[in-house]
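Inspection log for the structure reproduced underneath, given as structure tokens.
The figures that follow rest on heavy atoms only: side chains count, while hydrogens, waters and symmetry mates do not.
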Amino acid sequence: MTDEQRLQQMIDELRRMRERCEPKSNQNPRYLRYSNAVSALRWIIDDLAREQA
């Protein structure tokens with residue numbers, strides 16, 4: 001399994017966890033933190049892809 005695949009699995013799990021938050025809004029601090037974590041992992045995946053290109 002590549003680093004990108006492992007990170008994608010983390011993103012999928014964080015998104016599942018985020019979906020259990022109520023309310024589903026960036027006004028909810030925990031929901032927002034999950035969203036920020038997903039964004040950060042996406043940036044890492046993009047960085048790794050650029051390094052490989």
Side-chain angles (χ1 to χ4, degrees):
M1 179 178 297
T2 67
D3 287 343
E4 291 91 342
Q5 290 169 325
R6 291 177 60 217
L7 291 167
Q8 186 59 52
Q9 285 183 338
M10 290 179 201
I11 289 170
D12 295 342
E13 181 63 23
L14 285 169
R15 285 180 173 155
R16 283 191 289 276
M17 294 167 74
R18 182 181 65 186
E19 284 303 309
R20 293 192 296 262
C21 288
E22 290 296 336
K24 291 177 178 52
S25 162
N26 284 344
Q27 300 302 314
N28 177 340
R30 184 175 295 142
Y31 185 91
L32 181 59
R33 288 184 189 109
Y34 281 129
S35 295
N36 290 338
V38 167
S39 294
L41 291 174
R42 290 290 323 146
W43 291 329
I44 293 169
I45 290 172
D46 292 345
D47 289 345
L48 290 171
R50 274 193 295 275
E51 287 174 8
Q52 303 241 334

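- For the atom pair CZ (Arg30) and CZ (Arg20), the distance works out to 10.5 Å, reported to the nearest 0.5 Å.
- In this structure, Arg42 and Gln8 have side chains that are in contact, with non-hydrogen atoms separated by less than 4.5 Å.
- The side-chain contact (heavy atoms from CB on, under 4.5 Å) check on Gln27 picks up Ser25, with sequence neighbours excluded.
- Put simply, CG on Leu41 and CD1 on Ile11 are 5.0 Å apart, with the number rounded to the nearest 0.5 Å.
- Here CZ of Arg15 is found 9.0 Å from OG of Ser35. Values are rounded to the nearest 0.5 Å.
- Linking ILVMFWY side-chain heavy atoms closer than 4.5 Å, directly or via other members, places Leu32 and Met10 in two distinct hydrophobic clusters.
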Subject >> Chi angles and distances behind the salt bridge (Lys or Arg N to Asp or Glu O under 4.0 Å) call for Arg16, Glu19 >> reply: CA-CA 5 Å; Arg16 283 191 289 276; Glu19 284 303 309; over 6 Å; no
Donor-acceptor pairs are to be reported for all side-chain atoms of residues 43-53 against protein atoms at under 3.5 Å, with residues two or more places apart or in another chain.
| residue | atom | partner | partner atom | Å |
| --- | --- | --- | --- | --- |
| Asp47 | OD1 | Arg50 | NH2 | 2.5 |

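- In this structure, CG on Leu7 lies 10.5 Å from CG on Leu14, to the nearest 0.5 angstrom.
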**OP:** Decide yes or no on salt bridge (Lys or Arg N to Asp or Glu O under 4.0 Å) for Lys24 and Glu22, but give the supporting numbers first.
**Re:** CA-CA 5 Å; Lys24 291 177 178 52; Glu22 290 296 336; 2.7 Å; yes
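- For Pro23 against Tyr31, the heavy-atom pair with the smallest separation is O-CB, 4.2 Å.
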